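Every value quoted in this text rests on a predicted model; they were computed, and no experiment measured them.
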Amino acid sequence: FNPVDELGNVTGEALKGGDVSITADRGYLVLEQGSNIDVSGSDAKLDLPVARAAEGSVRFARRTVGSDAGLISLTSAEGIVLDGSLHAKAGSPTNRAGRLAYALNRNNRQDELGGFPLNPLHIDVTQQDQKALPSGLKFGDALPGSSIGQAGISSEEIAKAGFDDLILSLPAYENGQPRGNPPGEVRFVGDVNFNTKSSINVDAQIVEWAGLNGSTTGNVNLKTSFLQLGSSSISEIPELIGTSSVGGGKLTTHADWTQLTGASLLTGLNQVNLTSLHDVRAVGFRNANVEPAIREFVGNLRTAADLNLTASQIYPSTLSKYTFSVTNPTGKLTISGRNTDSTPLSAAGKLTFNAPVIEQNGVLKAPLGTIELNAAKNISFGKDSLTSVSADGKTIPFGEIFNNIWRYPLLGSTNSNLVFNEKPDNISLGEKHLVFKSPDIDLKAGSIIDISGGGDLLAYEFQPGLGGEFDYLATG
């Protein structure tokens, strides 16, 4: 607050909630019962100027002013015990509530000699808050063996704390999977209902459902504005490390926008319903930290459950090669939705769908790219479905011109530019491909397969001169 002025007005500002970041590069992170982390926004009654149009003057009126909440980031290499309390509510209904980043990450423990645990890491998500530490356990005592490699969190805790954004993260090892270490896993236990205002990001290689107290069936419901699912640090999960099996769980998501990133394996489920009011965008991952250079953006979603995708449009981001696979021999992949959104400014991507039965009743787009459907039994294209590789008249930004060569710069390792229509890569641009493979293909009346022309790719070229010497669009 500022000092009260000569007119008695109270002025100042409501300060934003701060950020709290706690990282255990080795060992555990324990929040004991009674501990509290609070990054809530604030509110204050302030006198604000209000214009009086009729009189051409300004008066002051007292108003309640709020602020946004901050960030809580909790990261550990071996496990997290969350028996304490978190608070991240907005200062007013018009402000943003806080963000929680909750991670198990072993990339920073410097395990050169190999003496640290290599057991699986998993974040267990339940509906109700549960005390993790046994009564009587005090500082310095050994943690229970069940805590090794585990972090727990509940929907009840998230709702009570007031978070708008939630990130559950288990990054893959930076150099792949050392010593056969299994990928990280987010495990939903029993019935779970998550509802956040802004976003949910499940950044893990495996998402599993498990029963609670002997139950064999359960429902997981995730509802938010922006949902991100899949690992942002790995593009493929080898079958030797992880395979999907049918279970008793049912995963249902409702979001305005959905992004599928990198690799994700969904297991322990019999049905997966991904529902998006607008886009489902598939984004491949490219590891820029290895040699020789990986030059493709690859991702996949693999599950033994029946997979239902509902969106206004499903498409790959530029250059992404993304695969949806239903591995159960009796499984089915169903695509639904109406074409209510504009064709994306994405190019040269590829969508692949693999399942015993594929029902394409929705909208698939890969502008100037490839769509491939592979079904062991049959593929059907329903009335009003759209399967399109047309650019739909769009001018799509794509790469740059450098020394008269069209290239797409890639961050990271050497030889990191894709070169088009020229040596050494000579990658063709503008080609469109549709591939349908099945013993039985049914194109119902009213279904649309679109390979029409129109649209263009647009590269930019930077020319230093009087306008400046620095290319602000240059990669990293």
Side-chain angles (χ1 to χ4, degrees), residues 230 235-240 242-247 249-251 260 263-276 280 282 284 296 298-316 320-339 348-390 428 431-452:
S235 60
E236 182 68 40
I237 301 173
E239 292 192 4
L240 292 175
T243 57
S244 179
S245 60
V246 177
K250 177 181 176 182
L251 172 64
L260 305 175
S264 57
L265 177 74
L266 310 183
T267 186
L269 302 156
N270 57 58
Q271 189 176 110
V272 175
N273 307 307
L274 303 183
T275 303
S276 193
V280 168
E296 293 185 327
V298 179
N300 66 86
L301 186 154
R302 193 164 79 241
T303 183
D306 287 343
L307 178 60
N308 302 308
L309 304 172
T310 303
S312 68
Q313 56 185 355
I314 301 171
Y315 66 89
S320 286
K321 298 180 178 180
Y322 197 94
T323 302
F324 297 84
S325 296
V326 173
T327 58
N328 184 2
T330 62
K332 182 168 72 172
L333 194 160
T334 303
I335 301 156
S336 307
R338 298 175 57 195
N339 186 26
K350 180 179 181 180
L351 288 177
T352 303
F353 298 86
N354 301 317
V357 175
I358 298 177
E359 294 186 359
Q360 183 357 24
N361 301 315
V363 180
L364 301 178
K365 297 179 182 179
L368 304 177
T370 301
I371 297 176
E372 180 174 337
L373 278 65
N374 303 304
K377 297 179 180 178
N378 70 279
I379 302 172
S380 67
F381 295 84
K383 181 179 180 297
D384 297 326
S385 67
L386 173 62
T387 307
S388 172
V389 290
S390 169
S428 298
E431 294 185 353
K432 302 186 286 285
H433 300 272
L434 287 169
V435 182
F436 309 139
K437 298 178 183 178
S438 179
D440 180 15
I441 299 177
D442 182 11
L443 289 165
K444 293 184 170 20
S447 61
I448 299 174
I449 307 295
D450 189 355
I451 57 173
S452 59

Worksheet item: Quick one: which of Leu260, Thr352, Asn300 gives a side chain to side chain contact (heavy atoms under 4.5 Å, CB included) with Phe324?
Response: Leu260
Item to complete: Find out whether Ile379 and Phe353 are in side-chain contact, i.e. whether some heavy atom of one side chain is under 4.5 Å from a heavy atom of the other.
Response: no
Fill in: Heavy-atom check, side chain of Leu368 versus side chain of Lys432, under 4.5 Å
yes
Item to complete: State which residue, out of Asp306, Asn273, Val272, fulfils the side chain to side chain contact (heavy atoms under 4.5 Å, CB included) condition with Lys250.
Response: Asn273
Worksheet entry | Shortest non-hydrogen contact between Lys437 and Asn374, atoms and distance | CD-OD1, 3.3 Å
Fill in: Over all atoms of both residues, closest heavy-atom pair of Ser428 and Glu431
CB-OE2, 3.5 Å
Worksheet item: Below 4.5 Å, heavy atoms only, C-beta onward: do Asn339 and Lys365 meet side chain to side chain?
Response: yes
Worksheet item: Side chains of Ser452 and Asp450: is there a donor and an acceptor less than 3.5 Å apart?
Response: yes
Worksheet item: If you take all heavy atoms of Ser320 and Gly284, which pair is closest and at what distance?
Response: OG-N, 2.8 Å
Response to the item:
CG of Asn378 to NZ of Lys332, rounded to nearest 0.5 Å, is 9.5 Å
Worksheet, complete the sentence: Shortest non-hydrogen pair, Ala304 vs Ser244, comes out as N-OG, 2.8 Å
Worksheet item: With respect to Asn354, which candidate in Thr327, Leu333, Leu373, Thr323 satisfies the side chain to side chain contact (heavy atoms under 4.5 Å, CB included) definition?
Response: Thr323
Worksheet item: Side chains of Tyr322 and Leu301: closer than 4.5 Å at any heavy-atom pair?
Response: yes
Item to complete: Would you check if Val280 and Leu274 make a side-chain contact, meaning some heavy-atom pair closer than 4.5 Å?
Response: no
Response to the item:
CG of Leu364 to OG of Ser385, rounded to nearest 0.5 Å, is 8.5 Å
Fill in: Closest heavy-atom pair and its distance - Ser388, Ile371
O-CD1, 3.4 Å
Worksheet item: Considering only heavy atoms from C-beta outward, does the side chain of Pro316 approach that of Lys350 to under 4.5 Å?
Response: no
